[in-house]
Amino acid sequence: MDVVEGVVGGRADRAVAGEGWTVIQPSDTGAPAWHVVSVLEMNRKGINLEATINGEPVPIPATDPAKGVPDLAPIAIRVWDPAPSGT
């Protein structure tokens, strides 16, 4: 089965939004939880971000690349395509 079909549940040529976020929530007891959230579910809170996951706010602290990410802090990765229609 094609990976895209497995994720979206159908044909791989479906239109998708041009922007979203991947949020990774580390766990001290097992594998991290990965979530994909829309731009409507991600908000700025000062220099930090806050994602809404399963209806609950998840604070994502700003990080200094020189210092790394604090242990067990969620991280957010912006995923976007400047031309989602393929043009």
Side-chain angles (χ1 to χ4, degrees):
M1 172 187 278
D2 182 77
V3 172
V4 174
E5 289 178 4
V7 172
V8 299
R11 295 188 338 250
D13 63 347
R14 290 183 183 208
V16 295
E19 182 178 2
W21 291 84
T22 299
V23 177
I24 306 165
Q25 290 181 285
S27 170
D28 59 356
T29 60
W34 289 61
H35 307 275
V36 176
V37 298
S38 75
V39 295
L40 300 176
E41 299 168 305
M42 185 66 78
N43 296 297
R44 278 212 186 274
K45 299 290 183 177
I47 64 169
N48 301 313
L49 296 172
E50 183 178 88
T52 302
I53 298 174
N54 298 325
E56 297 293 325
V58 175
I60 303 166
T63 59
D64 180 345
K67 295 180 182 176
V69 178
D71 289 344
L72 299 179
I75 61 170
I77 302 166
R78 181 177 174 230
V79 181
W80 67 284
D81 181 349
S85 65
T87 59

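Along the sequence shown, residues carry numbers from 1. This one's a predicted model, so the numbers in the text were calculated from it and none came from an experiment. Both backbone and side-chain heavy atoms feed into the values below; hydrogens, waters and symmetry mates do not.
Judged as a side-chain contact (heavy atoms from CB on, under 4.5 Å), and not counting sequence neighbours, the contacts of Thr52 are Glu41. Applying the side-chain contact (heavy atoms from CB on, under 4.5 Å) test to Ile47 and every residue at least two apart in sequence or in another chain returns Ala62. Qualifying side-chain contact (heavy atoms from CB on, under 4.5 Å) partners for Ile75, counting only residues two or more places apart in sequence or in other chains: Ile24, Val69. Applying the side-chain contact (heavy atoms from CB on, under 4.5 Å) criterion to Pro61, with sequence neighbours excluded, gives Asn48, Ala73, Pro74.
Residue Ile53 holds its CD1 atom at 7.0 Å from CE of Met42, rounded to the nearest 0.5 Å. Separating the CD1 atom in Ile60 from the CD atom in Glu50 is a distance of 8.5 Å, to the nearest 0.5 Å.
Taken together through direct or relayed side-chain contacts under 4.5 Å among Ile, Leu, Val, Met, Phe, Trp and Tyr, Val39 and Val23 form part of one hydrophobic cluster.
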Extract all donor-acceptor atom pairs below 3.5 Å that involve side chains of residues 25-34 and protein atoms in other chains or at least two apart in sequence.
from  : atom 1 : to    : atom 2 : distance (Å)
Gln25 : OE1    : His35 : NE2    : 2.7
Ser27 : OG     : Thr29 : N      : 3.1
Ser27 : OG     : Thr29 : OG1    : 3.1
Ser27 : OG     : Gly30 : N      : 3.3

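Residue Trp21 comes nearest to Ser38 through the heavy atom pair CD1-O, 4.3 Å, listed as atom of the first residue, atom of the second, then distance.
Listed by first then second residue, pairs satisfying side-chain hydrogen bond (donor to acceptor under 3.5 Å, both in side chains) with a partner in residues 55-70 number zero, not counting sequence neighbours.
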